[in-house]
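Notes to accompany the following structure.
Read the numbers this way: they start at 1 and go in the same order the structure lists the ligands and their atoms. Worth saying up front: this structure is predicted, and the values here are computed from it rather than measured.
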Amino acid sequence: MKLLVKAPAKINLSLDVLGKRDDGYHEVEMIMTTIDLADRLELTLLETNEIKIVSHNRFVPDDHRNLAYQAAVLLKERFNVNKGVSIAIEKVIPVAAGLAGGSSDAAAALRGLNKLWGLGLTLDELAEIGAEIGSDVSFCVYGGTALATGRGEMIQPLPAPPTCWVILAKPFIGVSTADVYRKLNLNGLKHPNTKEMIQAIHTSDYGLVCRHLANVLEDVTLKMHPEVNQIKEQMKRFGADAVLMSGSGPTVFGLVHHDSRMHRIYNGLRGFCDQVFAVRMLGERHRLD
Ligand SMILES: C[C@](O)(CO)[C@H](O)COP(=O)(O)OP(=O)(O)OC[C@H]1O[C@@H](n2ccc(N)nc2=O)[C@H](O)[C@@H]1O
Ligand SMILES: Nc1ncnc2c1ncn2[C@@H]1O[C@H](COP(=O)(O)OP(=O)(O)OP(=O)(O)O)[C@@H](O)[C@H]1O
């Protein structure tokens with residue numbers, strides 16, 4: 001038996017850090033949304049107890065370090081599953097890019113294995129299990145658009161943001177999320193206005209969404225990698241309505257309404273960046289598989 005599962009990337013429209021917690025994580029307030037850029041996972045049921053990862057991308061581990069592998073182990077042990085799985089990952093989302101590629105693979109594995117192994121768990125239960133793998137996994141279990149709080153695992157759904165193009169540009173570098181949080185100076189942060197962003201989404205006000213794009217991790221990554229700022233400036237020059245780094249970076253995304261301008265930005269950036277994509281947001285939460 002085989003099952004195909006899609007694992008969409010996310011961007012952070014807003015990312016605020018409220019403080020450091022006793023467990024070492026940071027208390028966050030983020031607005032996240034899934035985009036039409038997805039890895040594809042093919043799950044094949046194994047009658048043996050083996051968990052296998054098949055990946056042809058040299059940056060994606062094919063052992064216990066893979067977050068999809070960790071998702072499978074967690075479900076198998078918790079629910080005493082007497083079967084195995086081979087997970088083939090077709091990687092489309094850039095790795096270590098701030099787009100939650102690994103987290104989304106883990107979330108897709110949770111949703112897919114829930115079916116393949118007949119576990120009958122709800123999305124809420126899968127999201128709770130996902131939080132044990134990583135802070136972004138709970139959001140990725142649901143997809144759509146949401147406010148994420150706590151260390152990122154507490155999810156409240158939001159409606160679809162206004163329709164526009166999202167142009168993503170990833171420079172030739174990878175960034176460690178732990179490193180970025182470690183270097184963040186909590187004193188004197190310029191906090192995003194999360195409430196206004198939520199209002200902008202509720203009223204589908206594109207201009208207001210553009211004005212409130214904000215990410216407190218951006219300055220940390222920009223200091224380490226000035227080329228991220230160069231990409232931001234280029235996107236603005238080519239005509240993006242608003243530009244922001246996603247998550248801990250280094251991927252930069254620009255929002256734009258008009259098709260012609262989307263083409264101009266896309267073509268303009270291709271020479272400078274490792275990978276460039278022009279995609280849509282997936283909107284509000286709906287069944288992913
Ligand atoms: C930057 C974001 O991607 C934005 O969506 C997330 O906040 C990070 O999510 P993630 O990559 O799933 O993060 P995890 O795998 O849970 O944690 C990686 C590392 O980032 C730091 N971390 C992460 C989340 C958080 N709320 N506070 C933190 O300080 C911790 O040092 C942790 O060891
Ligand atoms: N399925 C996976 N796909 C990609 N990377 C994975 C996967 N599983 C584990 N990893 C490891 O995780 C590291 C971070 O990759 P990932 O693409 O998840 O980062 P990210 O997009 O910055 O994540 P986030 O936005 O959640 O912080 C990689 O360097 C890789 O070694």
Nearest neighbour in protein (non-hydrogen) for [atom]:
{"atom": "atom 7 (C) of ligand 2", "value": "G102 CA, 3.8 Å"}
{"atom": "atom 15 (O) of ligand 2", "value": "A96 N, 3.4 Å"}
{"atom": "atom 20 (P) of ligand 2", "value": "G98 N, 3.6 Å"}
{"atom": "atom 17 (O) of ligand 1", "value": "Y25 CE2, 4.0 Å"}
{"atom": "atom 29 (O) of ligand 1", "value": "H26 ND1, 2.7 Å"}
{"atom": "atom 16 (O) of ligand 1", "value": "S135 OG, 2.6 Å"}
{"atom": "atom 4 (C) of ligand 2", "value": "K91 NZ, 3.4 Å"}
{"atom": "atom 5 (N) of ligand 2", "value": "V95 CG1, 3.8 Å"}
{"atom": "atom 1 (N) of ligand 2", "value": "D105 OD2, 2.8 Å"}
{"atom": "atom 25 (O) of ligand 2", "value": "A100 N, 3.0 Å"}
{"atom": "atom 26 (O) of ligand 2", "value": "D136 OD2, 2.7 Å"}
{"atom": "atom 33 (O) of ligand 1", "value": "A178 CB, 4.3 Å"}

Does [X] approach ligand 2 within less than 4.0 angstrom via side chain, backbone, both or neither, non-hydrogen atoms only?
{"X": "N66", "value": "both"}
{"X": "S135", "value": "neither"}
{"X": "K10", "value": "side chain"}
{"X": "A97", "value": "backbone"}
{"X": "T177", "value": "side chain"}

### Query
Has R21 got any heavy atom lying under 4.0 angstrom from an atom of ligand 1?
no
### 4.0 Å heavy-atom contact, R182 with ligand 1
no
Any link between [X] and [Y] through a network of hydrophobic side chains (Ile, Leu, Val, Met, Phe, Trp, Tyr) touching at under 4.5 Å?
{"X": "L244", "Y": "V216", "value": "no"}
{"X": "W117", "Y": "V73", "value": "yes"}
{"X": "M224", "Y": "V17", "value": "yes"}
{"X": "L46", "Y": "L116", "value": "no"}
{"X": "L13", "Y": "L168", "value": "yes"}

### Query
Is the shortest side-chain N to carboxylate O distance from D36 to R280 below 4.0 Å?
no
### Task
Ignoring angles and geometry beyond distance, decide whether S248 reaches within less than 3.5 Å of ligand 1 through its nitrogen or oxygen atoms.
no
### Message
Nearest 0.5 Å, please: how far is CG in L45 from CG in L43?
### Response
9.5 Å
Going by the atom numbers of ligand 1, which of them fall below 4.0 Å from some non-hydrogen atom of [X]?
{"X": "K10", "result": "3 (O), 4 (C), 5 (O)"}
{"X": "L15", "result": "4 (C)"}
{"X": "M32", "result": "5 (O)"}

Regarding [atom]: of the candidates [options], which has the closest heavy atom?
{"atom": "atom 4 (C) of ligand 1", "options": "E153, R151, E132, M30", "result": "M30"}
{"atom": "atom 3 (O) of ligand 1", "options": "I133, D136, L217", "result": "D136"}
{"atom": "atom 11 (C) of ligand 2", "options": "P250, P61, G247, A108", "result": "P61"}
{"atom": "atom 15 (O) of ligand 1", "options": "G152, C140, G134, A106", "result": "G134"}

### Task
Please test N82 against K76 for side chain to side chain donor-acceptor pair (under 3.5 Å), starting from the C-alpha separation and ending with a verdict.
CA-CA 8 Å; N82 205 11; K76 187 166 162 48; 5.3 Å; no
Can you tell me which portion of [X] lies within the under-4.0 Å heavy-atom range of ligand 1? Options are side chain, backbone, both, or neither.
{"X": "Y181", "result": "side chain"}
{"X": "N12", "result": "side chain"}
{"X": "V180", "result": "neither"}
{"X": "E27", "result": "neither"}

### Task
Would you name the heavy atoms of P192 and L15 that are closest together and state the gap between them?
CG-O, 3.6 Å
### Query
Given the rule in the salt bridge (Lys or Arg N to Asp or Glu O under 4.0 Å) test, do K183 and D179 qualify, once you have shown the distances and angles that lead to the verdict?
CA-CA 6 Å; K183 290 188 170 129; D179 209 24; 3.3 Å; yes
### Message
Contact between N215 and S14 at the side-chain level, heavy atoms closer than 4.5 Å - yes or no?
### Response
no
### Min side-chain heavy-atom separation L189-D219 under 4.5 Å
no
### Task
Apply the test side chain to side chain donor-acceptor pair (under 3.5 Å) to residues K10 and T34: give CA-CA distance (whole Å), side-chain angles for both, the deciding distance (0.1 Å), then the verdict.
CA-CA 4 Å; K10 62 84 185 165; T34 39; over 6 Å; no
### Query
So, H64 versus Y69, ring centres under 6.0 angstrom or not?
no
### Message
Just checking K83: does its NZ atom have more than 12 heavy atoms from other residues, nucleotides or ligands closer to it than 6.0 angstrom?
### Response
no
### Message
Counting only heavy atoms not in K20 (residues, nucleotides, ligands), do more than 12 fall under 6.0 Å from its NZ?
### Response
no
### Query
Does the protein put any heavy atom within less than 4.0 Å of atom 9 (C) of ligand 2?
yes
### For R65, the ligand 2 atoms whose distance to one of its heavy atoms is below 4.0 Å
8 (N), 9 (C)
### Summary
Quick note on ligand 2: atoms under 4.0 Å from a heavy atom of S103 include exactly 26 (O)
If you look only at distance, which donor and acceptor atoms sit under 3.5 Å apart when one is on a side chain in residues 245-265 and the other is two or more places apart or in another chain?
unit_1 : atom_1 : unit_2 : atom_2 : d
S246   : OG     : N12    : N      : 3.4
S246   : OG     : G98    : O      : 3.0
S248   : OG     : T177   : OG1    : 3.0
T251   : OG1    : A97    : O      : 2.8
H257   : NE2    : T163   : O      : 3.3
D259   : OD1    : W165   : NE1    : 2.9
R261   : NH1    : G239   : O      : 2.7
R261   : NH1    : D241   : OD1    : 3.2
R264   : NE     : F238   : O      : 3.2
R264   : NH2    : F238   : O      : 3.0

